[in-house]
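As structure tokens, the structure follows; a few thoughts come after it.
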Amino acid sequence: MSYKNFPMVPRVVFGRGSFNQLNEILAPKRLSVNAPFIFLVDDVFKNNTELTSRISLYYDDKIIFISTKEEPKTTQVDELVEEIILNTKERPSGIIGIGGGSILDLAKAVSIMLSNEGEAKDYQGWDLVKNPAIYHVGIPTISGTGAEVSRTTVLTGPEKKLGINSDFTPFDQVILDSELTKGVPKDQWFYTGMDCYIHCIESLNGSYLNSFSQSYGEKSLDLCKEIFLGDFADLSDVEAQEKLMMASWHGGMSIAYSQVGVAHAMSYGLSYLLGTKHGLGNCVVFDHLEEFYPEGVALFKEMKIKHNIELPQSICAQLSNDEFDIMIDVALSLEPLWENAIGKNWQKTITREKLKGLYQKM
Ligand code: NAD
Ligand code: ZN
């Protein structure tokens with residue numbers, strides 16, 4: 001048995017208003033006047049001067065606003081890398097991602113592809129990256145995915161939706177400033193927050209569980225219960241925002257040393273075929289998984305009611321058999337997730353018919 005030697009984010013700032021320290025954190029990392037910092041920012045902040053005015057641009061530094069209507073694609077990474085190479089005199093000093101899971105993943109992938117040959121799709125998988133990424137910083141503006149701590153960057157490629165999992169993927173620096181999350185709309189707050197909750201349930205109920213994962217997973221789960229079932233007046237509560245930020249972090253740490261499970265496997269199928277976004281897709285699937293996670297799903301339903309969340313219904317109602325087959329293929333290809341969720345003999349119970357029956361309910 002060989003144990004994972006897992007890289008962690010080496011530097012993190014936590015605190016309300018800590019985003020103000022960004023310029024001072026970056027300054028010593030500048031390699032030359034010709035090597036700019038490139039800021040990849042969710043375009044929801046395009047006209048938000050409260051955020052953008054605090055990013056100081058020097059020399060050739062540049063902000064690129066990015067739409068997150070769709071989840072990141074390998075081709076989008078390749079285009080960004082090309083745009084950056086064509087418009088900079090030297091390889092950039094660093095990439096700074098400011099946004100949710102989508103932007104954080106793009107920032108990680110772009111920083112890897114600026115120092116590795118070929119196309120992003122060539123690196124989807126485990127430990128395929130050869131050279132260290134350039135310096136990259138992650139600044140979440142919505143909490144839940146754990147992308148700020150994880151060793152992966154999830155991308156949709158021409159053939160698969162799969163992460164670039166490597167020791168070079170984690171950020172060199174993270175800034176956790178909960179104030180940046182204050183404008184998140186309620187539905188999205190719930191969906192992305194539930195991504196974190198589901199990470200905990202899947203990790204804590206999986207066969208890969210160990211004390212490392214458990215210690216992070218339990219803490220994160222406690223925080224989720226406090227946030228989503230406790231008596232905070234609403235999501236503008238500062239303490240609730242800070243707690244969700246830490247829940248996301250711990251949830252990410254928990255799965256780093258274990259794995260996710262049934263909801264994630266099936267949600268990847270929805271996302272691949274229908275483009276359903278990760279947080280929402282997880283909720284749609286998890287709502288029907290009481291046979292796998294009875295307690296977790298019961299609590300989820302309570303949270304849904306407490307926050308008046310109505311999930312879309314019958315999104316699979318009109319699908320053809322071929323379309324079900326595509327989703328089932330994607331879900332079944334994620335073998336470690338099933339092995340974690342069900343155990344070594346998962347193939348005995350997780351049949352194509354079983355998955356089709358579940359998808360038909362969604
Ligand atoms: P997201 O990044 O797509 O953002 C969701 C929505 O929230 C967007 O419309 C965005 O504009 C908006 N938003 C973000 N911050 C805001 C703010 N402060 N104010 C107002 N609106 C704001 O969603 P997400 O759920 O954070 O991330 C999902 C992505 O993360 C998926 O692509 C998924 O594959 C990926 N993911 C990655 C990992 C990982 O470990 N790398 C883990 C889980 C999920
Ligand atoms: Zn997730």
Side-chain angles (χ1 to χ4, degrees), residues 9 19 40-48 50-52 65-74 76-77 97-109 112 124 136 138-157 160-166 169-171 174 177-203 220 235-236 241 244-245 248-249 251-256 259-268 270-272 275-283 285-286 334 337:
V9 172
F19 183 68
L40 305 182
V41 181
D42 189 315
D43 72 1
V44 77
F45 294 108
K46 202 161 187 173
N47 300 311
N48 181 326
E50 192 188 328
L51 182 116
T52 53
F65 289 104
I66 294 175
S67 161
T68 50
K69 269 217 180 69
E70 294 180 350
E71 295 193 337
K73 297 189 180 59
T74 55
Q76 187 184 10
V77 172
I98 305 177
S102 300
I103 298 289
L104 298 179
D105 276 359
L106 272 177
K108 293 198 243 183
I112 289 171
Q124 284 180 285
H136 50 304
I139 308 179
T141 64
I142 180 170
S143 301
T145 64
E148 65 279 15
V149 285
S150 76
R151 185 184 178 273
T152 189
T153 159
V154 184
L155 301 174
T156 304
K160 53 198 169 194
K161 181 175 175 188
L162 185 64
I164 300 179
N165 298 264
S166 85
T169 308
F171 286 111
V174 169
D177 179 351
S178 65
E179 198 173 17
L180 302 179
T181 68
K182 70 182 178 193
V184 173
K186 178 149 184 193
D187 282 8
Q188 192 63 53
W189 166 80
F190 187 83
Y191 302 148
T192 302
M194 285 301 109
D195 188 22
C196 173
Y197 173 73
I198 296 169
H199 290 160
C200 299
I201 300 295
E202 294 190 321
S203 164
S220 178
L235 47 155
S236 69
Q241 291 171 6
L244 188 52
M245 206 153 231
S248 174
W249 183 276
M253 288 299 295
S254 180
I255 44 175
Q259 215 3 307
V260 284
V262 181
H264 276 76
M266 296 195 70
S267 168
Y268 272 40
L270 287 182
S271 150
Y272 190 80
T276 315
K277 292 192 76 178
H278 186 75
L280 175 60
N282 283 353
C283 289
V285 175
F286 197 65
L334 297 160
L337 281 63

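When a ligand or atom number is given, it counts from 1 through the structure's own listing order.
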Judged by atom type as modelled, is there a donor-acceptor pair below 3.5 Å linking the side chain of Ser248 to the main-chain atoms of Gly146? yes
Hey, is Glu50 close enough to Lys182 for a salt bridge, meaning N to O under 4.0 Å? yes
At a 4.0 Å threshold, what atoms of ligand 1 neighbour a non-hydrogen atom of Gly100? 2 (O), 26 (O)
Under 4.0 Å from any heavy atom of Ser150, which atoms of ligand 1 are there? 39 (C), 40 (O), 41 (N)
For ligand 1, is Tyr191 a contact, meaning one of its heavy atoms is under 4.0 Å away? no
Among Asp195, Leu104, Ile255, the residue with a heavy atom nearest to atom 43 (C) of ligand 1 is Asp195
Indicate the ring-plane relationship of His278 and Tyr268, choosing parallel, tilted or perpendicular according to the 30° and 60° boundaries. perpendicular
Restricting to heavy atoms, the pick from Pro72, Ser102, Ala109 nearest atom 2 (O) of ligand 1 would be Ser102
Under 3.5 Å donor-acceptor, Thr276 side chain and Ser271 backbone: no
Salt-bridge present (Glu71, Lys161; N to O < 4.0 Å): yes
Which of the atoms of ligand 1 are close to Thr68, meaning less than 4.0 Å from one of its heavy atoms? 8 (C), 9 (O), 10 (C), 11 (O)
Heavy atom of Pro185, distance to ligand 1 below 4.0 Å: yes
Return the residue, atom name and 0.1 Å-rounded distance of the protein heavy atom closest to atom 10 (C) of ligand 1. Asp42 OD2, 3.1 Å
